[in-house]
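FYI, side chains are in, hydrogens and waters are out, and symmetry mates aren't considered; it's all heavy atoms of this structure.
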Amino acid sequence: PATRTELRNLIVQAGVRRIRPAVMTTLTTIIALLPVILASGRGSELSRPMALPVFGGMLIEFMTMLIVPVVYGWWLERGIDDS
């Protein structure tokens, strides 16, 4: 991309294309882990500690989907001269 506007349009286009698969993957993982985290039966004392970090990581993934494109775009814009 030669201009900042062109770069921003490309980043938005890529975000629109990738957001649905990323959200679907994250949500299915979170939903699948809920029964493991909420279980209180036999074996839950071993499975819950393993499921909690994955659950937390998936929640942070939502933040990553928003922050990474913004920071990457900012980083690429530094090298573009709009004059």
Side-chain angles (χ1 to χ4, degrees):
T3 66
R4 290 174 194 242
T5 306
E6 193 177 322
L7 175 66
R8 289 177 184 172
N9 287 337
L10 288 173
I11 290 172
V12 168
Q13 215 174 24
V16 168
R17 178 181 244 173
R18 284 298 306 150
I19 193 75
R20 186 175 182 190
V23 168
M24 288 174 58
T25 303
T26 303
L27 281 179
T28 55
T29 305
I30 287 173
I31 292 169
L33 287 173
L34 283 176
V36 177
I37 292 171
L38 299 175
S40 61
R42 191 171 166 188
S44 66
E45 65 275 356
L46 293 175
S47 60
R48 188 178 298 140
M50 289 189 290
L52 283 173
V54 176
F55 186 82
M58 290 293 112
L59 291 178
I60 290 174
E61 174 62 24
F62 280 119
M63 254 188 349
T64 304
M65 282 187 264
L66 300 173
I67 292 173
V68 168
V70 171
V71 172
Y72 185 69
W74 171 78
W75 182 69
L76 287 178
E77 282 182 5
R78 292 181 313 140
I80 296 176
D81 185 29
D82 271 345
S83 32

Engineer: Examine Phe62 and Leu52 and state if one hydrophobic cluster contains both, with Ile, Leu, Val, Met, Phe, Trp and Tyr joined whenever side-chain heavy atoms are less than 4.5 Å apart.
Structural biologist: yes
Engineer: Please set out all donor-acceptor pairs under 3.5 angstrom arising from side-chain atoms of residues 25-39, sequence neighbours excluded.
Structural biologist:
residue	atom	partner	partner atom	Å
Thr25	OG1	Pro21	O	2.9
Thr26	OG1	Ala22	O	2.8
Thr28	OG1	Met24	O	3.0
Thr28	OG1	Thr25	O	2.9
Thr29	OG1	Thr25	O	2.9

Engineer: With the 4.5 Å side-chain cut-off for hydrophobic clustering, are Ile60 and Ile67 part of the same group?
Structural biologist: yes
Engineer: Just grab all the side-chain hydrogen bond (donor to acceptor under 3.5 Å, both in side chains) pairs involving residues 54-79, residues at least two apart or on different chains.
Structural biologist: Arg8-Glu77
Engineer: Can you tell if the side chain of Gln13 reaches within under 4.5 Å of the side chain of Leu10, non-hydrogen atoms only?
Structural biologist: yes
Engineer: Looking only at heavy atoms, which two atoms of Leu7 and Gly73 are closest? And how far apart?
Structural biologist: CD2-O, 3.8 Å
Engineer: Check for me, please, whether Ile11 and Val23 land in the same ILVMFWY cluster - side-chain distances under 4.5 Å, paths through other members count.
Structural biologist: no
Engineer: To the nearest 0.5 Å, tell me how far Met58 CE sits from Phe55 CZ.
Structural biologist: 10.5 Å
Engineer: Assigning hydrophobic clusters by single linkage (Ile, Leu, Val, Met, Phe, Trp, Tyr; side-chain heavy-atom cutoff under 4.5 Å), is Leu66 placed with Leu59?
Structural biologist: no
Engineer: Work out which heavy atom in Arg4 is nearest to a heavy atom in Ile80; give both atom names and the distance.
Structural biologist: NH2-O, 3.3 Å
